[in-house]
Amino acid sequence: MGKIYDAFTRADVGHETDEGAPTQHEEAKRETRELFGRRDPVMDQFDLPGYLKDGAAVGRAVEKNGHAPHAAALRPEALTKPGREAELELSRVDPHLVAFFETDPRSAEQYERLSVSLITAALERPIKRVLIASPEHGDGRTSVTLNLAVELARAKQRVLVIECDLFRPSMIRLLGIEAETGLYETVRETQPVGRALIRVSRYGFDLLPTCGQVEHSAELLTSTYFHEQLRALDQDYDFILFDSPPLLQTADAGMLVRITDATLLVLRPGQTSASVMEQAVAPLNQEHLLGVVFNRVGRP
């Protein structure tokens with residue numbers, strides 16, 4: 001698992017230098033181009049100051065989004081209270097979930113930095129719903145989502161993870177738990193969302209899983225009931241992390257962009273080409289792209 005470095009830098013950081021010397025902002029872009037190859041017109045479209053280390057890196061799009069927070073919906077509290085708790089057996093938890101273990105503190109520390117960066121960014125603009133996206137399967141998007149959830153919870157944030165990769169859900173498997181009711185069943189049967197919510201004991205975050213492959217996923221994501229449940233959940237959490245399907249393989253990610261406040265894009269240098277990255281960021285814009293995570297740098 002690669003490391004993740006905090007680079008949600010403010011727009012004015014690193015712009016004052018001696019005459020003729022490259023700014024920190026320019027240096028970060030240069031390193032990004034070297035990491036992905038010279039033919040990379042995509043990254044230059046975004047203002048992404050950041051740091052590249054021997055692990056992963058995160059860059060922040062510094063444009064601010066002025067939209068208003070989501071409207072709160074009145075509802076009985078019991079409707080969104082987690083229906084059950086799950087005690088994790090670490091022997092069954094996927095080893096890429098480094099924040100769940102104490103065996104790789106250096107890697108876990110990078111997620112702690114990422115969580116602090118996200119909390120700081122939320123102080124500058126309204127950010128609650130965060131889409132964690134990647135161009136294709138295998139970029140480590142779901143692992144990043146779960147590791148980030150753990151560190152946000154450790155920072156005393158109220159965190160919900162919603163599994164929205166409806167074609168290839170994997171969170172239950174990665175956590176080594178079981179669930180019979182998830183996002184699809186809740187919406188299909190118009191049941192209170194709390195029925196499907198799982199409190200991940202000891203780690204302090206909640207999970208709304210997807211229990212199996214869902215056909216007609218667009219129907220679910222555009223349903224009125226789904227959006228009503230999201231508005232109800234907004235009141236109970238500081239951050240809601242949406243684990244997105246791959247941007248290049250379904251239209252679902254484009255729908256999720258419209259209902260979230262910001263996107264954190266997960267990329268794998270050496271695996272993600274410039275042309276693939278260009279297609280992936282096409283549905284995003286400067287305001288919605290919160291940052292980029294370069295994942296598994298120098299690792300298999």
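- When all heavy atoms are compared, the tightest approach of Glu189 to Arg195 is OE1-NH1, 2.8 Å.
- Leu146 places none of its side-chain heavy atoms less than 4.5 Å from the side chain of Asp243.
- Closest approach of Pro209 and Ile198 over heavy atoms only: CG-CD1, 4.0 Å.
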Verdict with supporting geometry, Val293 and Leu267, side-chain contact (heavy atoms from CB on, under 4.5 Å) = CA-CA 6 Å; Val293 174; Leu267 302 175; over 6 Å; no
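- Of all heavy-atom pairs spanning Ala218 and Asp252, the tightest one is N-OD1, 4.1 Å.
- Surrounding CZ of Arg168 are at most 12 heavy atoms belonging to other residues, nucleotides or ligands under 6.0 Å away.
- With hydrogens and angles ignored, the 3.5 Å screen pairs a side-chain donor or acceptor of Arg141 with a backbone N or O of Ser244.
- For Arg258, the side-chain contact (heavy atoms from CB on, under 4.5 Å) criterion is met by Met255, not counting sequence neighbours.
- The aromatic rings of Phe205 and Phe100 lie perpendicular to each other, with more than 60° between the two planes, well past the 30° mark.
- Shown here is Glu219, whose CD atom has no more than 12 heavy atoms of other residues, nucleotides or ligands within 6.0 Å.
- Note: Phe239 CZ to Gln157 CD = 5.5 Å, rounded to the nearest 0.5 Å.
- The shortest side-chain heavy-atom distance between Leu289 and Leu265 falls under the 4.5 Å cut-off.
- Using a 4.5 Å cut-off on side-chain heavy atoms (C-beta onward), Leu148 and Val161 make no contact.
- Formation of a donor-acceptor pair under 3.5 Å by the Gln229 side chain with backbone atoms of Val193 is found in this model.
- Atoms CZ and NE2, from Arg231 and His227 in turn, are 8.0 Å apart once rounded to the nearest 0.5 Å.
- Taking both residues in full, the closest heavy atoms of Pro246 and Pro135 are given as CB-O, 3.4 Å, listed atom of the first, atom of the second, then distance.
- Looking at heavy atoms from C-beta onward, Asp238 lies out of side-chain contact with Leu152 at the 4.5 angstrom threshold.
- Judged by distance alone, the side chain of Ser223 and the main-chain N or O of Leu220 form a donor-acceptor pair under 3.5 Å.
- We find the CG-CG distance between Leu166 and Leu221 to be 5.5 Å, quoted to the nearest 0.5 Å.
- Between the side chain of Ser217 and the backbone N or O of Val214, no donor-acceptor pair lies under 3.5 Å.
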Give every donor-acceptor pair under 3.5 Å between a side-chain atom in residues 170-187 and any protein atom, sequence neighbours left out.
{"from": "Glu185", "atom 1": "OE1", "to": "Gly182", "atom 2": "N", "distance (Å)": "2.8"}
{"from": "Thr186", "atom 1": "OG1", "to": "Gly182", "atom 2": "O", "distance (Å)": "2.9"}

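- Annotation: the span from His288 atom NE2 to Leu264 atom CG amounts to 11.5 Å, rounded to 0.5 Å.
- Looking at every heavy atom in both residues, Phe242 comes nearest to Arg129 through CE1-CB, 3.6 Å.
- In this structure, the side chains of Asp234 and Ile240 come closer than 4.5 Å at one or more pairs of heavy atoms.
- In plain terms, the two heavy atoms of Ala108 and Glu151 that are nearest each other are O-OE2, 3.8 Å.
- Leu131 is listed as a side-chain neighbour of Val257, based on a closest heavy-atom distance under 4.5 Å.
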Verify side-chain contact (heavy atoms from CB on, under 4.5 Å) between Thr260 and Val130, making sure each step is shown before the conclusion.
-> CA-CA 6 Å; Thr260 52; Val130 180; over 6 Å; no
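- With His96 contributing its side chain and Gly140 its backbone, the two residues share no donor-acceptor pair below 3.5 Å.
- Under the 4.5 Å side-chain heavy-atom criterion for Ile, Leu, Val, Met, Phe, Trp and Tyr, Ile132 and Ile119 are members of the same hydrophobic cluster.
- A 4.5 Å side-chain heavy-atom check between Leu88 and Ser201 finds every atom pair outside the cut-off.
- Checked by atom type and distance alone, the side chain of Lys128 never pairs as donor or acceptor with a backbone atom of Asp261 at under 3.5 Å.
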Given the rule in the side-chain contact (heavy atoms from CB on, under 4.5 Å) test, do Leu241 and Ile162 qualify, once you have shown the distances and angles that lead to the verdict?
-> CA-CA 6 Å; Leu241 307 181; Ile162 301 181; over 6 Å; no
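- Atom OG of Ser117 and atom CD of Glu112 lie 10.5 Å apart (nearest 0.5 Å).
- Rounded to the nearest 0.5 angstrom, Leu233 CG and Leu197 CG are separated by 6.0 Å.
- Checked by atom type and distance alone, the side chain of Tyr225 pairs as donor or acceptor with a backbone atom of Gln191 at under 3.5 Å.
- With hydrogens and angles disregarded, a donor-acceptor distance shorter than 3.5 Å links the side chain of Asn147 to the backbone of Ala99.
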Going through the checks in order, is the side-chain contact (heavy atoms from CB on, under 4.5 Å) test met by Thr210 and Cys164?
-> CA-CA 7 Å; Thr210 295; Cys164 293; over 6 Å; no
